[in-house]
Number of protein chains: 2
Amino acid sequence: MVKRKSDCPINYSLEIFGDNWTLLIIRDIMFFDKTCYGDFYESAEGIATNILADRLRFLISEKILKKLVSPKNKSKFIYRLTQKGIDLMPTVLDLVEWGAKYNRDTFPKKFMTWLRKDREGLMKHYREKAMLNPANSIPERRKQHR
Amino acid sequence: MVKRKSDCPINYSLEIFGDNWTLLIIRDIMFFDKTCYGDFYESAEGIATNILADRLRFLISEKILKKLVSPKNKSKFIYRLTQKGIDLMPTVLDLVEWGAKYNRDTFPKKFMTWLRKDREGLMKHYREKAMLNPANSIPERRKQHR
DNA sequence: CAGGATCCGTTTCGATACTG
DNA sequence: CAGTATCGAAACGGATCCTG
């Protein structure tokens with residue numbers, strides 16, 4: 001587990017954002033339909049497997065993500081945003097807008113157009129999408145000692 | 001100078017936020033009247049001098065901050081937000097709100113009340129404050145080779 | 001084969017001492 | 001006051017291995 005400098009009274013947000021990878025994971029799950037380990041591994045620009053596992057574990061421990069067992073395949077896991085994670089959407093979108101204003105490496109054009117024209121609608125769309133639960137998934141293992 | 005992983009097509013924002021310290025510096029200069037090295041050193045929860053110097057240099061190179069010579073004291077420098085820096089205000093405020101919702105370590109109570117009641121007014125206030133230039137400061141040294 | 005864990009060389013960070 | 005130099009500690013990243 002990564003050791004973070006949470007021993008000093010630092011803004012909590014920094015524990016999430018003061019890292020190169022967590023925001024990428026959140027971005028991917030929030031807007032790009034990534035749901036499982038393999039998806040993140042592919043899309044988060046070159047993350048190492050151990051780092052990815054560590055960050056996922058961290059995000060789950062912070063209750064920003066939750067981990068579910070895939071209904072189709074018992075050895076596949078699905079990661080989803082919690083409400084706390086969904087609540088990061090305004091922040092992420094602000095960063096997207098800021099990045100688009102001062103840099104050009106950014107989200108797909110269609111997304112940006114939508115964001116500029118109807119930010120509220122876009123947020124509603126992705127918020128609802130994030131809240132759909134895959135029908136019959138089950139929560140990950142509960143405490144093993146009964 | 002810090003070496004960042006900007007060689008991969010990562011979101012530009014991460015170069016600013018994927019770090020433990022830059023956000024603290026921005027927070028302090030944006031909302032807490034910190035203007036110079038010593039101020040940041042005091043208030044950014046235990047930052048080391050070399051890291052502080054490095055981050056300030058980085059923020060200047062990214063044109064998020066600008067460095068001015070104090071009119072009073074030629075060996076004192078004043079750091080101020082550029083427009084690009086000021087444009088990070090919505091993001092920072094989102095993080096403040098998110099942090100306040102899910103954690104209690106947060107901004108002063110008065111600030112939070114104001115933020116909740118009148119976010120636009122608060123932003124206007126701090127934006128204007130950030131744009132006041134100290135009267136007769138002069139830009140930092142221009143290229144030394146003529 | 002998905003989802004990691006482990007090992008290990010390399011890079012970056014950070015505390016302290018020191019300098020113009 | 002505003003930084004730089006040094007050096008040990010921590011985090012990263014890549015490869016490989018493990019387990020169901």
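Chain naming here is simple, since letters A, B, ... match the order of the sequence lines and numbering starts at 1 in each. Quick note: numbers below take in every heavy atom, side chains included, and nothing from hydrogens, waters or symmetry partners.
- In this structure, CG of A:Asn73 is placed 11 Å from C1' of C:dG3, rounded to the nearest angstrom.
- The nearest whole Å value for the distance from the CG atom in B:Leu68 to the C1' atom in D:dA2 is 15 Å.
- Salt-bridge check for A:Lys124 with A:Glu120: failed, with every basic side-chain N at 4.0 Å or more from each acidic carboxylate O.
- The side chain of A:Trp21 places no N or O atom within less than 4.0 Å of a non-bridging phosphate oxygen (OP1 or OP2) of D:dC12.
- Considering every non-hydrogen atom in both A:Asn20 and B:Gly18, the closest pair reads OD1-O, 3.9 Å.
- The distance from atom OH of B:Tyr79 to atom P of D:dC1 is 14 Å, rounded to the nearest whole Å.
- C:dC1 atom C1' lies 10 Å from atom NZ of A:Lys76, rounded to whole Å.
- In this entry the distance linking CD1 of A:Ile25 with P of C:dG3 reads 14 Å, nearest Å.
- Taking only side-chain atoms of A:Tyr37, from C-beta outward, the nucleotide of C:dG3, D:dG14, C:dG14 with the closest atom is C:dG3.
- Atom-to-atom, CG of B:Asp54 to P of D:dA5 comes out at 13 Å; the value is rounded to the nearest Å.
- Judged by distance alone, with hydrogens and angles left aside, A:Asn50 brings no side-chain donor or acceptor close enough to the base of C:dG4 to form a pair under 3.5 Å.
- Remark: B:Arg57 is not in phosphate contact with D:dA2, judged by side-chain N or O atoms under 4.0 Å from OP1 or OP2.
- With rounding to whole Å, B:Phe58 atom CZ is found 11 Å from C:dC13 atom P.
- Considering only side-chain N and O atoms, A:Lys67 lies under 4.0 angstrom from the phosphate OP1 or OP2 of C:dG4.
- Remark: P of C:dC1 and CD of A:Glu42 are 14 Å apart, rounded to the nearest angstrom.
- Map A:Ile47 and B:Asp39 each onto its nearest nucleotide of DNA chain D; the residue landing nearer the 5' end is B:Asp39.
- No hydrogens or angles were tested; on distance alone, nothing pairs the side chain of B:Thr49 with the base of D:dA2 as donor and acceptor under 3.5 Å.
- Under the side-chain hydrogen bond (donor to acceptor under 3.5 Å, both in side chains) criterion, B:Tyr102 pairs with A:Asp87, not counting sequence neighbours.
- Between A:Phe31 and A:Phe107, the ring planes lie perpendicular to each other; the angle is over 60°, past the 30° to 60° tilted range.
- A salt bridge is defined here as a Lys NZ or Arg NE, NH1 or NH2 lying under 4.0 Å from an Asp or Glu carboxylate O, and B:Glu97 with B:Arg116 fails to meet this definition.
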